[in-house]
Amino acid sequence: MAADEFRILGRRPGNDESLRFERGGVAFDQDCFHVVAGLNAVDTREFVEATFRALASHGQSCARMGAYKPRTSPYSFQGYGRACLPWTFELAGKHGIRVIAMEVTRPEHVDEIRTALREAGGPASVMLQIGTRNTQNFELLKEVGAQREFPVLLKRGFGITLHESLLAAEYVASEGNRDIVFCLRGMKTNFGDPHRNLVDFGHVGTVKGLTRMPVCVDPSHSVGRRGGSPDGLPDIFHVAAQGVVAGANLVLTDVHPEPARALVDAAQALTLEELPWFLEDMAIAREAYDRRRAAAARARGA
Ligand code: PEP
Ligand code: MN
């Protein structure tokens, strides 16, 4: 895999500046660090507001909120869709949440989000999430690439090579939109059992080396369950820290005021009581990364 295959996103001499963009005063590049915690799926107004309030009280300006949910079973909850956008955006504005990661599965969803944001008076902005099941939905990639209003958080495909997923990101960029975050979320295989997916955060530095994209890790979908080790740390914390110690720029994490009542992926949501602990743990991991980077600079005589 050579970086020059990724004509726009690839890191190579003369094309080695980190991609950089900003929404709602929040900047994203290969040096930034943000936790993007929130509901896997929007459910009740009370739970959405409790989540935004908790995030804001801990100094967070980003959140995740799913309105359109791609589900394995057609009989599972599919997300409230367009209907929940107005009040979700209104509540984000009320609590000062400035960027919301929200999955879209078809181009019409982008229009619905744009319209709802405009009607709500532009209280927040949205980062369009392309889920792992749509990493190679090339027509969707071209659509989100052909607009510049919203950045794109592209999940790595869970059953394809890294090369193929990076080319999927290149699809978005090739249509004009370079405001892209690449998200590792684990690979689908039973070799990761009892985790939901096999954690692939060893690729954080690899993706930053091959491309100029900020890199996100999603410990919730990687691990998929509560439970952890005798040191008192849940596996989700351990895995998230592994990504952050390696230089991840964003951490996408499911939280819920009452995980047992979450309509999607209840098993993997952290509680709002655990949120400050998780944020502290991530800050410790980020500090370790900063120290590791300083040591690397010294060792290289920089
Ligand atoms: C999600 O983040 O809500 C999600 C569905 O993730 P993935 O596409 O990685 O399964
Ligand atoms: Mn999910």
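As the structure lists them, so they are numbered: ligands from 1, and atoms in each ligand from 1.
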At a 4.0 Å threshold, what atoms of ligand 1 neighbour a non-hydrogen atom of G131?
8 (O)
Could you tell me if the side chain of V104 sits less than 4.5 Å from the side chain of E143, heavy atoms only?
no
Less than 4.0 angstrom from a charged side-chain N to a carboxylate O is my criterion; do K94 and E49 meet it?
yes
Check each atom of ligand 1 against the heavy atoms of E103 and keep those under 4.0 Å away; list them by number with element.
4 (C), 5 (C)
Using the rule side chain to side chain contact (heavy atoms under 4.5 Å, CB included), only one of M127, M102, R114 pairs with F150; which is it?
R114
R185 heavy atoms, cut-off 4.0 Å: which ligand 1 atoms fall inside?
7 (P), 9 (O), 10 (O)
Under 4.0 Å to a heavy atom of R133 - the qualifying atoms of ligand 1, by number:
10 (O)
Ligand 1 atoms in contact with Q129 (distance to a heavy atom under 4.0 Å)
1 (C), 2 (O)
Run the salt-bridge test on R226 and E274 with the 4.0 Å N-O cut-off and return the result as yes or no.
yes
Can we say R261 and D43 salt-bridge, meaning some charged N sits less than 4.0 Å from an Asp/Glu carboxylate O?
no
